[in-house]
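Working notes, structure below.
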Amino acid sequence: MIIVGSVILSRSRKKRLEQGHPWVYKSEIESVEGEPAAGSLVQVLDHRRRFLATGYYNPASQITVRAVSFVMLEKMDTAFFVERFQECLKHRERFVHENAYRFVYGEADFLPGLIVDRFGEVLVVQLLTLGMDLCRDAIVEALVTVLQPVGIYERSDVSIREMEGLEQVKGPLYGNPPRHVTVTENGLKIKVDIEQGQKTGYFFDQRENRASIKPLMTGWGARSGIELQEIPDEEGGTRRVPVNRKGKEVTFPYWDGATVLECFSHTGSFTLHACQYGAKKVTCLDISEHAIESAKSNVELNGFEDRVEFVVADAFDYLRSQVKGLAERSNRAAAGSEAKTDTSVPMTAGGGRTWDVVILDPPAFAKTRGAVKGACRGYKDINLHGMKLVNEGGYLVTASCSYHMRPDLFLETIQEAAVDAGKILRLVEWRAAGKDHPQILGVDEGHYLKFAVFEVRSKNF
């Protein structure tokens, strides 16, 4: 790909390029000089014809130019990609000490339109734009040079390509990549389906967030009346062991662990971390049978089968049914022995379970600006019902990966849910995407992930 033309920007445009944002919208362009073909490189000039950036051009897209360099660049060839990939590798090796991570994160790695996820010796590539699609061969050659993978698989089966005038495609690009790859995350084994899994098969952006739940997973034994006590041993000394209210030793190793509900589990990544950090029992829920089968496989791979139950259900329906059952159970208990209440009759709602920790990690509810209003309703609904199912003093772990759901709006929506639920939330932790998903200051589109941990209390203290 060689530079063949110039794009001159209008005087009245916003100064995004000067602030490091790589996108140039069609409405910001005053004129185009030369005859650049779709996908070719152009130089971007301001209205005074001062050079701003080099980018690739697509007149069919509302984002007409995507900058790849803020200096003059003659071509995007294999050598260009090798240099950029070496920088990507240097960053990941500094911050991620495992064999799986997001290797190229589009704009944040100065390669807009390109995503590469590394699963050990297998790479998964997404070519999201025409400019990157035309560089397919150079990208593959450069990846082989820098990472020496055994296989590269393409997952460009995403609708955003259609906005670039491209078809959705998937399939092997290099070598013979296997469908399933096992990698490690925070010491856990994860089996990933790179062909049929969501997006590239796994979501690396929550790596550090999943590790952050560790303090929530233990410290719950006292609620069950279990305490550590000194008891005599066979040699005339004492040993410190957990003892229940009846004075009997508790032999279950996870007696101090939390009960956990993970909704929208996908491959069960939060479930795995909960078990690794000492959870007593985890309910792993997803609407997709394929996702639950993947989660089961990962749970078995790590030896956690005895502590995990799996549910295939719609999270909204499941949460509502549990809250409804909880309310019915509470009403029946309050009615006591009144003649009008026959407690021998089975409850109509079912459910009524609660957990020490409820984890909500849904897919994006707002993929466009126009979907924000509906997304707010969705986020409020799941968080309202989720926090109602948290035991007193327990924790709500909740996330949003919708860029258009801005952080302040997300927190405002959760606060509204708390008011309606009669709960007081104490924010314990607020996080974003992990270190393999860096963010360019000024490129708000990269600031998509919100992750929060709240302590949940009722107004009874």
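We count residues from 1, following the sequence as given.
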### Task
Start with the C-alpha distance between Arg179 and Asp193, add both sets of side-chain angles, then the distance that settles salt bridge (charged side-chain N to carboxylate O under 4.0 Å, His left out), and finish with yes or no.
CA-CA 6 Å; Arg179 174 175 173 177; Asp193 185 344; 2.8 Å; yes
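- Remark: Arg210 engages Glu185 in a salt bridge, criterion side-chain N to carboxylate O under 4.0 Å.
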### Task
Just do the salt bridge (charged side-chain N to carboxylate O under 4.0 Å, His left out) check on Arg92 and Asp436 with the steps written out, would you?
CA-CA 6 Å; Arg92 273 69 186 182; Asp436 56 348; 5.9 Å; no
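- Between the side chain of Glu154 and the backbone N or O of Val124 there is no donor-acceptor pair closer than 3.5 Å.
- In this structure a side-chain-to-backbone donor-acceptor pair under 3.5 Å is present from Asp256 to Trp220.
- The closest donor-acceptor contact from the side chain of Gln148 to the backbone of Thr145 lies under 3.5 Å.
- Between the side chain of Arg426 and the backbone N or O of Val456, no donor-acceptor pair lies under 3.5 Å.
- Taking the charged nitrogens against the carboxylate oxygens, Arg161 and Glu164 have no contact shorter than 4.0 Å, which rules out a salt bridge.
- Judged by distance alone, the side chains of His21 and Asp444 never bring a donor and an acceptor atom under 3.5 Å apart.
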### Task
Begin from the C-alpha positions of Glu455 and Lys423 and carry the test salt bridge (charged side-chain N to carboxylate O under 4.0 Å, His left out) through to its verdict.
CA-CA 10 Å; Glu455 182 190 61; Lys423 303 290 185 181; over 6 Å; no
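- A pairwise comparison of heavy atoms in Asp117 and Tyr202 identifies OD2-O, 4.1 Å as the closest pair.
- Classification of the Phe270-Phe451 ring pair by plane angle, with boundaries at 30° and 60°, yields parallel.
- Ion pair Glu30/Arg13 not flagged as a salt bridge, since none of the NZ, NE, NH1 or NH2 atoms sits closer than 4.0 Å to an Asp/Glu carboxylate oxygen.
- Within 6.0 Å of atom CD in Glu289, 12 or fewer heavy atoms from other residues, nucleotides or ligands are found, so the atom counts as exposed in its surroundings.
- The six-membered or imidazole ring of His437 lies away from that of Phe204, with a centre-to-centre distance of 6.0 Å or more.
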### Query
Given Glu87 and Lys90, is the salt bridge (charged side-chain N to carboxylate O under 4.0 Å, His left out) satisfied, shown in steps?
CA-CA 5 Å; Glu87 289 297 315; Lys90 186 185 302 181; 3.5 Å; yes
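- Note on ring orientation: taking the six-membered ring where Trp is involved, the planes of Phe81 and Phe85 are tilted (angle from 30° to 60°).
- Judged purely by atom type and a 3.5 angstrom limit, His91 uses its side chain to pair as donor or acceptor with the backbone of Lys435.
- Of all the heavy atoms in Pro112 and Arg66, the pair that sits closest is CG-CB, 3.9 Å.
- The pair Lys380-Asp420 meets the salt-bridge criterion, since a charged nitrogen lies less than 4.0 angstrom from a carboxylate oxygen.
- Enclosure of atom CD in Glu167 is not indicated, since only 12 or fewer non-hydrogen atoms of other residues, nucleotides or ligands lie within 6.0 angstrom.
- The CZ atom of Arg406 sits 13.0 Å away from the OG1 atom of Thr413 when rounded to the nearest 0.5 Å.
- Annotation: Tyr379 is in aromatic contact with Phe365 [ring centroid separation under 6.0 Å].
- Around atom NZ of Lys26, more than 12 heavy atoms belonging to other residues, nucleotides or ligands sit under 6.0 Å away.
- Ionic pairing of Arg155 and Glu195 is not present here: no N-O contact between side-chain nitrogen and carboxylate oxygen is shorter than 4.0 angstrom.
- Judged by distance alone, with hydrogens and angles left aside, the side-chain atoms of Asp157 form no donor-acceptor pair with the main-chain N or O of Lys170 at under 3.5 Å.
- Residues Leu449 and Ala433 share a closest heavy-atom pair of CD2-CA, 3.7 Å.
- The backbone N or O of Ala452 sits nowhere less than 3.5 Å from a side-chain atom of Glu429 that would complete a donor-acceptor pair.
- Minimum heavy-atom separation, Arg307 to Lys280: CG-O, 3.4 Å.
- Side chain of Asp133 to main chain of Thr129: no donor-acceptor pair is present (N/O by atom type, distance under 3.5 Å, no hydrogens or angles).
- Using modelled atom types and a 3.5 Å distance limit, the side chains of Thr78 and Glu141 yield a donor-acceptor pair.
- When each of Leu301, Thr267, Leu188, Val308 is checked for a side-chain contact (heavy atoms from CB on, under 4.5 Å) with Leu272, only Leu188 meets the rule.
- We find the CZ-CG distance between Arg84 and Asp109 to be 9.5 Å, quoted to the nearest 0.5 Å.
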